[in-house]
Amino acid sequence: MNGLSGETSPYLLQHANNPVDWQPWGEAALARARAEDKPILLSIGYAACHWCHVMAHESFEDPAVAKVMNELYVNIKVDREERPDIDAIYMAAVQAMTGQGGWPMTMFLTPEGVPYHGGTYYPPTDRHGMPSFVRVLRSVADAYRTRRGDVLNTAERVRELYTGARQVAVSMGELTTAQLDAAAKGIAARYDARNGGFDGAPKFPQTMALDFLIRHWRRSGAPQELAIVRDSFVKMARGGIYDQVGGGFHRYAVDDRWLVPHFEKMLYDNALLSRLGVHLWQVTGDEEIERVTRETFDWALREMAAPDGGFYSSLDADSEGHEGKFYVWSEAELDALLGEKGKVVRELWGVTRHGNFEGKNILHVPRPPEDLCAKHELSPEQLQDEISAARIVLWSAREERVHPARDDKILAAWNGLTVRSLAEGARIFGDERLRAHALRHGEFLFREMVRDGRVMRVHKDGVTKGSGFLEDYAAVALAALALYELTFDFQWLERARAVSDAMVQWFWDDAIGGFFDTALDGQTLIARPRELTDNAVPAGNSLAAELLLRLGDLTGRDDDRRRGAWIVETLGEPLTRYPSAFGHALGAAELAVHGATEVALVGDVGAVDFEALVRETASHYLPSLVLAGGSASTSESLPLLRNRQTLGGKASAYVCRHYVCDAPVTDPRDLGEQLERAASGLG
């Protein structure tokens, strides 16, 4: 056992028995490097990372390689999901050095923690122009010993990468509709009209860019924007990237048509995609979109939910040492399990004798289901019944296989995204089961992940640890806000406001006019990271901007509104030039430019007439909805509800912008007409 044996991260524990003398990140390891005057080998990855496993098996488990590592370096392992701050700092360096990034990330640092060489995966032997890992180890260590001046000069130049994080944020003025139009045009220009999604292989869902397009469509009415979002979602849902048996989306596809995924499943991908699915269903009423969205929720609740609350982080791509083995099928297996009755379903899922992945079949839907209905004279309902029956059989058989490993740490930010999606799904579908789950997991967040007013990063095996990052605070507060809009329980609004206030207190920096990703009292690193682009998950800054804009509108606090608008205004130029890198920020910008659609529902929460207005509101896609509800007599703390009266004793709805409201209505149909006008910018 090495220095990782006392850690709780599943990724770190995967390496606790390596012959490498791994140490966790911390002052003890850094002090050792300084005392021994050795460079640091920093290896960063995560539990579900396929190539991390490959490099571990090829190199870190090899005693001969470990011997070289231990002689020449102080070796440190980091779970990028537990420490996104460390990951961000060194990812910037490896991208600058090599022009690319990824995991495993392999960085070589001076004892002070400054990078001077780096890469990602290194093979065990020279291969395809890539030097072997041992060759790199010896060469880089030799440079530190014999060419110290060159190494220190390189390290000093790398330090300059981080000066931008402390640059003062500058606004180019209020954002405009023209800028949002240009961003939407830029995203749409990359659309793959044949396969859906954007660009070619490998292909990622890019959910946040799709979410912005549907928001923009609601204002612009441009039909091609809605078509891009709908077709991309449906083609993903019919591809191998979607688990046709168990539900839930894999991380990304290695091809351009969504067939062959990297088989890991990440909680955050499914949180973002399910929320997009909820919004798409509001617009389209499409039964396939609803089914896939509900199946994604079911997957998360069945396979990722911890018994005491909270959601685990990911499922591995590998099982029994093979990527995707858990998910693929031979034709003979399906024949044996489904028999003659499964003929149509096997055809639907593109099953062949030779398969489409290493002799096996990744189930996907290569032809529109309606084509099979016509061919086999089946109604859509009959086909869906056959699919449902086959899924039950295959799922039961698959449960007998060796499951992929699960990373069972619970991360605050990813849970915030998931609870928010569940809460919106519960409200929009009118689903009491989802409502109960959203509330249960929301209560977990505030019971276990918020301590003394501070959000923590990680919970595992009953232990909560690690200071939260900007994304943790913002995502948890947005989840609480979604739970308020689901229940109109003021407890959730107060929780959202308290976390938001703590976020500003600990992460906002007046000197730069912006948020850092780490708290003021966080661990000192070679730089204080400040990520502005949305990557696999929304950037903390874009989540914070949305939170402050929404809370400011709901509570009437001008400071929040101004701060939220300022964040997106400082991104004005890159939002337009590189819109795909700012999908979530563009959603916040849309809110800042057009303002919220404010809906105040006044009456007795839970009463029949009140709930009819709730259901009507939920049936309309309102991308900038700010929703308040309750009795005016008990809601003096919310300006949106203050002095709003019921009409004739009936539950009443007020549709407003900037607190200027249409005439109150009691009939859901009248409310629906007002909402449609407001959402399209005509109200």
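Scanning for side chain to side chain contact (heavy atoms under 4.5 Å, CB included) contacts around Arg615 gives Ala618, with sequence neighbours left out. Every residue was checked against the side chain to side chain contact (heavy atoms under 4.5 Å, CB included) condition with Gln505, not counting sequence neighbours, and none meets it. Here Phe311 pairs with His441 under the ring-ring contact (aromatic ring centres under 6.0 Å, His included) rule; sequence neighbours left out. A search for side-chain hydrogen bond (donor to acceptor under 3.5 Å, both in side chains) contacts involving Asp517 returns nothing, not counting sequence neighbours. Residues forming a side chain to side chain contact (heavy atoms under 4.5 Å, CB included) with Gln23 (at least two apart in sequence, or on another chain): Asp21, Ala29, Arg32. In this structure, the side-chain hydrogen bond (donor to acceptor under 3.5 Å, both in side chains) partners of Asp472, at least two apart in sequence or on a different chain, are Arg457. Evaluation of the ring-ring contact (aromatic ring centres under 6.0 Å, His included) rule for Phe204 yields Tyr252 as partners, not counting sequence neighbours. Partners of Phe444 by ring-ring contact (aromatic ring centres under 6.0 Å, His included), not counting sequence neighbours, listed by chain and number: His459. Shown here are the ring-ring contact (aromatic ring centres under 6.0 Å, His included) partners of Phe469, two or more places apart in sequence or in another chain: there are none. Evaluation of the side-chain hydrogen bond (donor to acceptor under 3.5 Å, both in side chains) rule for Asp489 yields no partner, not counting sequence neighbours. By the salt bridge (charged side-chain N to carboxylate O under 4.0 Å, His left out) test, Arg563 pairs with no residue at all, sequence neighbours left out.
When all heavy atoms of Glu471 and Pro84 are compared, the pair lying nearest together is OE2-CG, 4.1 Å. Cys52 approaches Gly45 most closely through the heavy-atom pair SG-CA, 3.8 Å. Nearest heavy atoms, Ala93 versus Leu161: CA-CD1, 3.8 Å. In plain terms, the two heavy atoms of Phe488 and Gly629 that are nearest each other are CD2-N, 3.2 Å. Nearest heavy atom pair, residue Ala600 against residue Leu640, reads CB-O, 3.5 Å. Considering all non-hydrogen atoms of both residues, Arg451 and Thr464 come closest at NH2-OG1, 3.3 Å.
Residues Glu295 and Tyr242 bring a donor and an acceptor atom of their side chains to less than 3.5 Å of each other. If you check the side chains of Asp534 and Ser542, you find a donor sitting under 3.5 Å from an acceptor. Using a 3.5 Å distance cut-off with no hydrogens or angles, the side chains of Tyr11 and Lys77 do pair a donor with an acceptor. Tyr162 and Arg530 share no donor-acceptor pair across their side chains, judged by distance under 3.5 Å alone.
Between the Asn270 side chain and the Met266 main chain, a donor and an acceptor come within less than 3.5 Å of each other. The backbone N or O of His658 sits less than 3.5 Å from a side-chain atom of Glu598, completing a donor-acceptor pair. Judged by distance alone, the side chain of Ser421 and the main-chain N or O of Leu417 form no donor-acceptor pair under 3.5 Å. Remark: side-chain polar atoms of Ser500 are not paired, donor with acceptor, to backbone N or O of Ala496 under 3.5 angstrom. Remark: side-chain polar atoms of Glu569 are not paired, donor with acceptor, to backbone N or O of Ser171 under 3.5 angstrom. No donor-acceptor pair under 3.5 Å is formed between the side chain of Asp604 and the backbone N or O of Ala607. Checking side-chain atoms of Arg557 against main-chain N and O of Leu551 turns up no donor-acceptor pair under 3.5 Å. Judged by distance alone, with hydrogens and angles left aside, the side-chain atoms of Asp407 form no donor-acceptor pair with the main-chain N or O of Tyr312 at under 3.5 Å.
At a threshold of 4.0 Å, the pair Lys409-Glu82 does not count as salt-bridged, since none of the basic side-chain nitrogens sits closer than that to a carboxylate oxygen. Arg275 has a carboxylate O that lies under 4.0 Å from a charged side-chain N of Glu424, or vice versa, which qualifies the two as a salt bridge. Using a cutoff of 4.0 Å between basic side-chain nitrogens and carboxylate oxygens, Arg454 and Asp452 are not scored as salt-bridged. Residues Arg420 and Glu546 are paired through a salt bridge, judged by an N-O separation under 4.0 Å between the basic side chain and the carboxylate. Residues Arg562 and Asp559 are paired through a salt bridge, judged by an N-O separation under 4.0 Å between the basic side chain and the carboxylate. In summary, Glu494 and Arg497 engage in a salt bridge, as defined by a charged side-chain N under 4.0 Å from a carboxylate O. Note on Arg447 versus Asp308: no salt bridge recorded, every NZ/NE/NH1/NH2 to OD/OE distance being 4.0 Å or above.
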- Pair Val229-Leu280, side chain to side chain contact (heavy atoms under 4.5 Å, CB included): steps then yes or no: CA-CA 8 Å; Val229 183; Leu280 262 176; 4.0 Å; yes

- Query: Would Arg427 and Val278 satisfy side chain to side chain contact (heavy atoms under 4.5 Å, CB included), going step by step from the backbone distance to the final call?
  - Reply: CA-CA 10 Å; Arg427 182 175 64 83; Val278 168; over 6 Å; no

- Message: I'd like to know whether Leu315 forms a side chain to side chain contact (heavy atoms under 4.5 Å, CB included) with Met304, so could you lay out the CA-CA distance, the side-chain angles of the two residues, the decisive distance to 0.1 Å, and finally the verdict.
- Response: CA-CA 9 Å; Leu315 296 180; Met304 305 302 283; 3.8 Å; yes

- Query: Passes side chain to side chain contact (heavy atoms under 4.5 Å, CB included), Asp461 versus Thr8? Steps please.
  - Reply: CA-CA 8 Å; Asp461 298 334; Thr8 58; 5.6 Å; no

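Taking CG of Leu434 as the start and CG of Leu439 as the end, the distance is 11.0 Å to the nearest 0.5 Å. A distance of 9.0 Å separates OG of Ser274 from CZ of Phe249, quoted to the nearest 0.5 Å. Within the model, atoms CG of Leu571 and CH2 of Trp566 stand 11.0 Å from one another, a figure rounded to the nearest 0.5 Å. A distance of 9.0 Å separates CZ in Arg433 from CG in Leu422, rounded to the nearest 0.5 Å. Taken to the nearest 0.5 Å, the CD atom of Gln523 stands 9.5 Å off from the OG atom of Ser467. The distance from the CG atom of Asp560 to the CG atom of Asp553 is 11.0 Å, given to the nearest 0.5 Å.
In this structure, Phe515 has its ring center no closer than 6.0 Å to that of Tyr473.
The environment of CG in Asn535 is crowded: more than 12 heavy-atom neighbours from other residues, nucleotides or ligands sit within 6.0 Å.
Identified under the salt bridge (charged side-chain N to carboxylate O under 4.0 Å, His left out) test for residues 583-596, with sequence neighbours left out: Arg215-Glu590, Arg219-Glu590.
Contact check for Leu481 versus Leu554: side-chain heavy atoms found under the 4.5 Å cut-off. Within the 4.5 Å cutoff, the side chain of Tyr46 has heavy atoms near those of the Asp79 side chain. Counting heavy atoms from C-beta outward, Tyr621 and Ile214 have side chains that approach closer than 4.5 Å.
A cation-pi arrangement is found for Arg294 relative to Phe429, the charged atom lying closer than 6.0 Å to the ring centre and inside a 45° cone about the ring normal.
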